[in-house]
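For reference, positions follow the sequence shown, starting with 1. One-based numbering, in listed order, for ligands and for the atoms of each.
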Amino acid sequence: MNKIEQLQELLSAPKRVVIIPHMNPDGDALGSCLGWSQFLTIKGHQCTVIAPNEFPSFYNWMPGSSEIILHSESPVTVDTALENVDVIFFLDYNDLKRIGDLGPVVESHPAKFVMIDHHRQPTDFVDIMFSNHDKSSTSEMVFDVIEALGGKVDITKEMGECLYTGIVTDTGSFRFGSTTSETHYAAAYLLEAGVEPDQVYSKVYDTNSLDRMRLMGYVLAEKLKLVDQIQAAYISISEEEQNRFNFQIGDSEGLVNYGLAINGVKVAGFFRESDGFVKVSLRSKGDFDVNALARVHFNGGGHRNAAGGRLDMTLPEAIAHFERIMKKFKDELYFN
Ligand code: 5GP
Ligand code: MN
């Protein structure tokens with residue numbers, strides 16, 4: 001039996017389903033979970049989305065987002081929601097470490113585990129694994145799975161909005177190298193299902209607070225640095241700076257990309273001081289592999305051109321660490 005047939009068999013009778021995005025869920029994690037949840041609901045299953053923690057307010061409009069249970073806020077509700085669950089879907093990550101404290105809670109759950117994900121080097125903790133790092137987004141993969149299950153005609157406008165959001169956010173609005181004809185095919189179909197792209201775009205990107213715009217101006221003017229003689233750039237923000245701009249979750253999304261927009265820069269880093277650690281985002285152009293870099297030097301992973309991780313050190317130490325590593329890669333950067 002192939003994977004689709006296994007999934008088809010698993011879902012051949014109504015099931016109690018839980019769907020879990022990764023920690024600090026982004027547009028793709030939320031979009032894929034919410035779209036998939038709505039599809040399964042139409043097919044007669046009982047679905048709950050449980051997120052490890054809070055998500056940015058600019059995703060509040062997404063159909064179904066108000067019913068998401070947050071483990072960080074309601075662990076007891078999560079325990080109840082997990083009772084008698086038959087299937088757990090893990091969407092947009094491939095390692096239980098990516099859901100933080102929720103990992104140990106679900107790890108030995110008797111339910112069948114299914115992964116749908118587009119990151120490299122999956123950990124095999126599931127019964128059925130859909131893993132394809134050539135795909136632009138997990139939302140595109142959910143579209144493919146729905147199509148393979150013969151369910152494309154059931155895609156509603158609301159489902160489409162969720163999946164479209166995931167595709168748009170993970171492809172940088174169809175501009176990253178991960179964008180393929182299949183991505184555009186999925187997007188085209190979602191428009192046919194009723195999605196209005198301008199509406200989605202403005203709900204995600206035109207809902208900034210003034211504080212966030214000011215933070216962006218500040219980091220571009222004062223915090224965007226080049227590593228001497230190396231084709232690398234970075235931005236860092238301390239807790240004090242976050243407080244100054246009334247920092248809300250999601251406010252730093254996308255800032256890492258500004259480093260890459262500088263002529264000649266091939267790697268960009270973004271460092272945000274958090275409670276006792278530094279959250280790291282890495283981006284690259286071309287062949288330079290920030291997934292490998294994140295795995296070896298930043299306790300993380302991701303994709304070739306977009307990865308993340310964390311460093312248990314101070315912000316100045318994290319910056320020094322990045323600069324040191326970038327200098328080591330000087331030649332590789334030059335030739336890539
Ligand atoms: P971001 O920089 O936007 O947080 O993440 C970029 C990419 O790297 C995303 O695909 C995300 O899933 C992955 N990523 C971010 N943080 C981590 C991490 O701590 N560990 C791993 N394995 N992947 C991460
Ligand atoms: Mn994704």
Under 2.8 Å from the Mn ion (ligand 2), can any N, O or S atom of Asp26 be found? no

Any N/O/S atom, side chain or main chain, of His119 closer to the Mn ion (ligand 2) than 2.8 Å? no

In terms of residue, atom name and distance, what is the protein heavy atom nearest to [atom]?
atom	result
atom 19 (O) of ligand 1	Gly309 CA, 3.4 Å
atom 3 (O) of ligand 1	Arg283 NH2, 2.9 Å
atom 15 (C) of ligand 1	Gly308 CA, 3.4 Å
atom 12 (O) of ligand 1	Arg98 NH2, 2.8 Å

With heavy atoms of [X] as the reference, note each atom of ligand 1 found under 4.0 Å away.
X	answer
His303	10 (O)
Ser281	1 (P), 2 (O), 4 (O)
Ala306	7 (C), 8 (O)
Gly301	8 (O), 13 (C), 14 (N), 20 (N), 21 (C), 22 (N), 23 (N), 24 (C)

Can you tell me how far CG of Leu40 sits from CD of Gln46, rounded to the nearest 0.5 angstrom? 12.0 Å

How large, to 10°, is the angle at the Mn ion (ligand 2) when you draw lines to OD2 on Asp170 and to OD1 on Asp92? 170°

Pick, from Arg310, Arg120, Lys279, the option with the minimum heavy-atom distance to atom 16 (N) of ligand 1. Lys279

Of the listed options His119, Met23, His22, closest to atom 9 (C) of ligand 1 (non-hydrogen atoms): His119

Using atom types as modelled and distance alone, determine if a side-chain donor or acceptor of Ser65 lies under 3.5 Å from a backbone N or O of Asn60. yes

Just by distance, do the side chain of Gln6 and the backbone of Met1 share a donor-acceptor pair under 3.5 Å? yes

Could you tell me which non-hydrogen atom of Gly308 sits nearest to which non-hydrogen atom of Lys279, and how far apart they are? CA-NZ, 4.1 Å

Any side-chain heavy atom of Asp170 sitting closer than 4.5 Å to one from Ser136? no

